[in-house]
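Fair warning: this is a prediction, and the values are worked out from it, not measured in the lab. Numbering of residues begins at 1 and proceeds along the displayed sequence.
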Amino acid sequence: MTIRRLPETLVNQIAAGEVIERPASAVKELVENAVDAGARQIDVVLRDGGRTMISVTDDGCGMSPEELSLAVERHATSKLPDDDLTHIATLGFRGEALPSIGSVSRLSIASRPLGSDGWEIRVEGGKISPPQPAALTGGTRVEVRDLFFATPARLKFLKAERTEMDHAVNAVQRLAMAHPEVAFSIGDGERTRFTCTVEGGLAGDQDVRLRRLAAVMGREFSENALAIDAEREHVRLTGHAGLPTLNRNTTKHQYLFVNGRPVTDRLLTGAVRGAYQDFLARGRHPLVALFVEIEPDLVDVNVHPAKAEVRFRDPGVVRGLIVGGLRHALAEAGHRASTSVADSALGAFRHGMGAGAGTRLPPFSSSGYGRGPLPQGLAEVAAQYLAPHDNAASGLPGLDAAPMGASMGAVAEVAAENIDYPLGAAQAQVHETYIVAQTGDGLVIVDQHAAHERLVYERMKAALAEGGVSRQGLLLPEVIELEEAAADALSDRAHELAELGLVLEKFGTGAVVVREVPALLGQADIAGLIRDLAGDIAELGDAHTLKERLDDVCSTMACHGSVRAGRRLNRDEMNALLREMEVTPHAGQCNHGRPTYVELKIADIERLFGRR
């Protein structure tokens with residue numbers, strides 16, 4: 001066989017296979033060109049999901065007839081004036097999009113620079129016609145008709161019209177998030193699918209950007225978003241991240257940008273996952289929109305024809321910046337939980353009320369005896385924050401007027417003291433699992449196990465950071481029977497577990513004996529803890545140390561050492577739990593990402609009863 005040079009038309013079609021995968025790819029390339037041209041208004045119209053027609057109109061700088069002729073030739077661009085691929089400051093630079101689109105469709109480009117006449121050029125299946133005069137007020141209008149007519153095999157791989165439109169809308173939204181100074185719209189000519197106006201305010205202002213993010217990600221995100229602003233070694237990270245209790249089962253709502261360019265980068269998504277691993281259950285993902293600003297020569301954007309992937313010169317710096325910036329913001333959020341928790345609760349209430357006739361009120365205890373001492377810490381908090389109260393009564397008082405009055409007086413006294421705290425004053429414990437507290441403008445319902453699990457976990461991490469976890473010897477060492485392999489694995493890690501306050505040793509075949517436990521755990525379920533730790537260690541394998549997965553191990557310990565559901569607490573203990581939640585970072589969610597409390601405002605409660 002003889003080697004020969006391929007025809008230019010075929011070369012463009014091959015390139016189109018890499019750059020233009022579907023209508024959304026063409027939309028992305030054309031909108032990026034419009035942004036690079038300085039447009040302040042970009043309108044996109046698709047018919048039949050982009051198969052029959054794509055139109056992108058902008059009010060940018062426009063092109064002369066000579067520039068139009070060059071624009072449809074391969075590797076012709078205005079965006080590399082110094083031919084320097086290490087200093088790319090625009091979204092486009094390869095000079096491939098227009099000739100690639102023109103090689104597989106019927107393409108027309110009409111453009112008019114300021115102070116000049118309008119011109120139009122046409123390309124059909126790679127065949128270029130000379131520019132002709134055209135009527136146009138200004139800017140550029142690109143129309144792509146019969147996409148992939150020249151490569152019909154590609155048409156077979158396109159999805160339904162709605163699916164292709166959704167991909168195109170998503171491409172426009174991503175660019176809109178990065179460029180709040182530009183107005184965007186996209187639709188099918190009859191119905192607008194997405195539109196946003198130019199956001200007022202200074203460029204780079206976090207509030208301006210958040211308003212644009214809300215237009216794409218919704219009001220729920222903007223109400224529960226934490227501002228991110230961090231810098232390290234000439235790399236800056238800005239944007240917003242959702243509270244952990246606002247999460248989804250996919251990463252669809254994670255938007256990442258580098259120098260204004262939407263990217264899909266494993267390093268960045270891995271950093272987000274690492275920052276939230278303390279707060280979310282497996283299979284749940286946070287909502288984030290993060291913007292990395294970095295010197296162009298420190299990042300390579302010429303990795304893939306679609307320009308959606310990047311490569312950093314020092315990936316460790318970027319990953320550390322993202323993890324640190326997100327964790328700092330999450331710590332600053334304190335005990336705050338997302339408003340979606342209350343919305344979900346209200347929705348559940350309404351659903352339940354509509355499903356059945358009548359509602360039975362559950363039994364509750366306004367103040368009960370604690371069953372044994374609380375794990376270390378709550379007693380100290382109680383002494384620090386609370387005045388002593390008479391908790392001699394347990395359960396509901398009798399019908400006698402005097403006990404009834406005394407009990408209600410005690411409740412009023414507590415409320416007066418603590419009602420101004422963020423989580424209010426404890427009034428009751430429902431089903432020995434949930435604490436009900438009154439706030440200044442509503443009520444809070446706390447899951448006592450989930451809340452205390454987070455508190456114990458944070459105390460363990462703090463103790464480890466300060467040099468070690470204090471131990472508590474067991475009066476009677478506890479023997480736990482396990483599978484032989486699990487017992488051996490725990491025994492092999494005994495020295496590492498001892499650093500975490502858990503002292504154990506092998507006890508014959510298929511068993512271990514536990515002699516000391518972390519003092520923070522109090523009356524823990526030791527057998528359950530050991531079996532779960534054995535599972536954690538089995539997942540780690542021999543390649544990892546416990547310190548590498550310290551958060552997972554501490555989380556397992558905290559789960560078994562926290563106040564369990566079914567344990568009755570007195571009012572001081574309940575208030576101590578509330579006070580510690582208020583001063584503990586991340587107390588709004590447990591270690592598995594579930595909310596620790598639901599807050600209902602008076603207005604929410606009134607709506608439940610039809611008062612509003």
Side-chain angles (χ1 to χ4, degrees), residues 174 177-180 202-214 216-217 221-248 251-280 284-296 298-299 301 309-338 454 457-458 461-462 465 550-551 584-589 591 593:
R174 286 177 178 270
M177 296 167 77
H179 300 279
L202 298 175
D205 187 287
Q206 289 278 53
D207 292 336
V208 170
R209 178 167 282 166
L210 184 58
R211 288 197 295 272
R212 174 57 60 86
L213 296 180
V216 177
M217 302 178 70
F221 175 76
S222 65
E223 290 178 348
N224 299 287
L226 308 172
I228 309 295
D229 194 342
E231 191 167 352
R232 179 185 297 182
E233 297 184 28
H234 308 294
V235 183
R236 189 181 180 200
L237 176 71
T238 58
H240 290 81
L243 290 164
T245 42
L246 179 68
N247 55 70
R248 298 289 185 268
T251 58
K252 178 182 177 182
H253 299 283
Q254 293 183 5
Y255 299 94
L256 307 170
F257 304 84
V258 176
N259 292 345
R261 181 189 308 279
V263 298
T264 52
D265 185 87
R266 290 183 180 179
L267 169 75
L268 302 183
T269 55
V272 171
R273 185 170 58 252
Y276 276 87
Q277 69 177 4
D278 236 8
F279 318 109
L280 293 179
R284 306 301 298 182
H285 304 276
L287 282 67
V288 301
L290 301 178
F291 301 82
V292 176
E293 299 170 36
I294 186 171
E295 290 296 326
L298 297 179
V299 59
V301 299
E309 300 176 15
V310 295
R311 187 172 293 132
F312 297 99
R313 179 178 295 182
D314 192 341
V317 169
V318 178
R319 188 186 191 283
L321 176 63
I322 293 174
V323 173
L326 288 174
R327 285 187 173 174
H328 176 75
L330 291 170
E332 289 290 311
H335 69 278
R336 179 183 167 192
S338 70
R454 169 59 70 178
Y457 178 47
E458 294 297 332
K461 290 200 301 182
L550 193 58
D551 290 343
T584 300
H586 321 305
Q589 61 281 320
N591 310 344

**Q.** Geometric class of the F257/Y255 ring pair [parallel <30°, tilted 30-60°, perpendicular >60°]
**A.** parallel
(Q) Any heavy-atom pair between the side chains of L298 and D314 that's under 4.5 Å? (A) no
(Q) Please check: side-chain N/O of H240 versus main-chain N/O of S222, any donor-acceptor pairing under 3.5 Å? (A) no
(Q) Within this structure, what is the CG-CD1 distance for the pair L321 and I228, rounded to the nearest 0.5 Å? (A) 10.0 Å
Q: Please lay out, stage by stage, how Y276 and V288 fare under the test side chain to side chain contact (heavy atoms under 4.5 Å, CB included).
A: CA-CA 11 Å; Y276 276 87; V288 301; 4.0 Å; yes
Q: Please answer whether the main-chain N or O of Q589 pairs with a side-chain N or O of R454 as donor and acceptor at a distance below 3.5 Å.
A: yes
Q | Taking every non-hydrogen atom, the tightest pair across F291 and A178 | A | CE2-CA, 3.8 Å
Q) Checking E233 side chain against V318 main chain: does a donor-acceptor pair fall under 3.5 Å? A) no
Q | Residues, nucleotides or ligands: over 12 heavy atoms within 6.0 Å of R273 CZ | A | no
Q) How long is the span from the CD1 atom in I294 to the CG atom in L237, to the nearest 0.5 Å? A) 11.5 Å
Q. Would you say the side chain of R261 lies within less than 4.5 Å of the side chain of N259, judging by non-hydrogen atoms?
A. no
Q) Do the side chain of R327 and the main chain of G274 share a donor and acceptor less than 3.5 angstrom apart? A) yes
Q. So how far is it from L330 CG to L243 CG, rounded to the nearest 0.5 Å?
A. 7.5 Å
Q | Worked verdict on T251 versus T269 for side chain to side chain contact (heavy atoms under 4.5 Å, CB included) | A | CA-CA 9 Å; T251 58; T269 55; over 6 Å; no
(Q) Is it the case that over 12 heavy atoms from other parts of the model lie below 6.0 angstrom from the NE2 atom of H328? (A) no
Q: Report yes or no: does R212 contribute a side-chain atom to a donor-acceptor pair with the main-chain N or O of H179 at less than 3.5 Å?
A: yes
**Q.** Distance, nearest 0.5 Å, that separates CE of M217 from NE2 of H253
**A.** 7.5 Å
Q) Got a second to check how far E293's CD is from T238's OG1, nearest 0.5 Å? A) 5.0 Å
Q: List the atom of T245, the atom of G588, and the distance in Å for their closest heavy-atom pair.
A: CG2-O, 3.7 Å
Q) Which heavy atom in P180 sits nearest to a heavy atom in V208, and how many Å separate them? A) CB-CG1, 4.1 Å
Q) At their closest point, which heavy atom of D265 faces which heavy atom of V310, and how far apart are they? A) OD1-O, 3.2 Å
Q: Determine whether more than 12 heavy atoms belonging to other residues, nucleotides or ligands lie under 6.0 Å from atom CZ of R248.
A: yes
Q. What are the two closest heavy atoms between A241 and L326, and how far apart are they?
A. CB-CD2, 3.5 Å
Q.
Distance check, rounded to the nearest 0.5 Å: H285 atom NE2 versus Q254 atom CD?
A. 7.0 Å
Q. Could you walk me through whether L256 and T264 pass the side chain to side chain contact (heavy atoms under 4.5 Å, CB included) check?
A. CA-CA 7 Å; L256 307 170; T264 52; over 6 Å; no
Q) Which pair of heavy atoms, one from A271 and one from R319, lies closest together, and at what distance? A) CB-CG, 3.7 Å
Q: Before giving the answer on side chain to side chain contact (heavy atoms under 4.5 Å, CB included), spell out for F312 and L268 the whole-Å C-alpha distance, their side-chain angles and the decisive distance to 0.1 Å.
A: CA-CA 11 Å; F312 297 99; L268 302 183; 4.1 Å; yes
